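Values reported hereafter were calculated over all heavy atoms of this structure, with side chains retained and with hydrogens, waters and symmetry mates removed. Nothing here was measured: the structure is a model prediction, and the numbers come from that model. Just so you know, residue 1 is the first one in the sequence shown, and it goes up from there.
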Amino acid sequence: MGINPTPQLSQQGAAVLLLARIHRSLGDLPAAEFHVSSVYLGRLEITVHDDLDAFEAWRTALGLDEPTAKHHGGTSWLATSGVVEDAPVTLSGFAEREAVLAAARTAVAA
């Protein structure tokens, strides 16, 4: 059994190019945290903290599905994912548990 080779930057191309296009065309969106995964090659992870309105602005702009509320220990967040252009994208919005639950209820009712 061999050791898995280190992934190449070229395998992250779809996510890097998507981030550059987002920067050019959606620069008026609220600031967020970005991570181009080297584990899930080509995936762009976008995270928003303490601002579910910003999360919703990102979700709408990227055309992602309604979010799901998630909880682990004392941490709560909304999450959604999809493919934007050629890149898999995950979007997470962290906030207080009550705000996450209210946002999830609103998404289900819509």
Gln11, CD: over 12 other non-hydrogen atoms inside 6.0 angstrom:
yes
Are there over 12 heavy-atom neighbours, none belonging to Phe34, within less than 6.0 Å of that residue's CZ?
yes
Same apolar cluster: Leu41 and Val89, side chain cutoff 4.5 Å:
no
Taking all non-hydrogen atoms of both residues, which atom of Pro88 and which atom of Gly42 are closest, and how far apart?
CD-O, 3.4 Å
In the structure I gave you, are the side-chain heavy atoms of His35 and Arg43 within less than 4.5 Å of one another anywhere?
no
Please report the shortest heavy-atom distance between Gln12 and Ser37, naming the atom on each side.
NE2-O, 3.2 Å
Give me the ring orientation class for Phe94 and His49: parallel if the planes are under 30° apart, tilted from 30 to 60°, perpendicular past 60°.
parallel
Is the shortest heavy-atom distance from the side chain of Glu33 to the side chain of Val48 under 4.5 Å?
no
Please round to the nearest 0.5 Å and tell me the distance separating atom CD1 of Ile22 and atom CG of Leu17.
11.0 Å
With rounding to the nearest 0.5 angstrom, report the CG to CZ distance, Leu91 to Phe55.
4.0 Å
Separation of Trp58 CH2 from Leu52 CG (nearest 0.5 Å):
15.5 Å
Counting only heavy atoms not in His71 (residues, nucleotides, ligands), do more than 12 fall under 6.0 Å from its NE2?
yes
I need the minimum non-hydrogen distance between Pro30 and Ala57, along with the two atoms involved.
CD-CB, 4.2 Å
Indicate the atoms forming the closest heavy-atom contact of Pro67 with Thr80, along with that distance.
CA-CB, 4.1 Å
Same cluster or not: are Ile46 and Val100 linked, directly or through other Ile, Leu, Val, Met, Phe, Trp or Tyr residues, by side-chain heavy atoms under 4.5 angstrom apart?
yes
Applying the 4.5 Å side-chain criterion to the ILVMFWY set and letting contacts propagate, would Leu26 and Leu19 be lumped into a single cluster?
yes
Calculate, to the nearest 0.5 Å, the distance between atoms CD and CG belonging to Glu85 and Leu62 respectively.
9.5 Å
Interatomic distance, Ser81 atom OG to Glu45 atom CD [nearest 0.5 angstrom]
10.5 Å
On a heavy-atom basis, the closest approach of Pro7 and Ser38 is CG-O, 3.7 Å
What's the spacing between Glu56 CD and Leu64 CG if we round to 0.5 Å?
10.0 Å
Minimum heavy-atom distance Asp50-Ala95, with the two atoms named:
OD1-CA, 4.2 Å
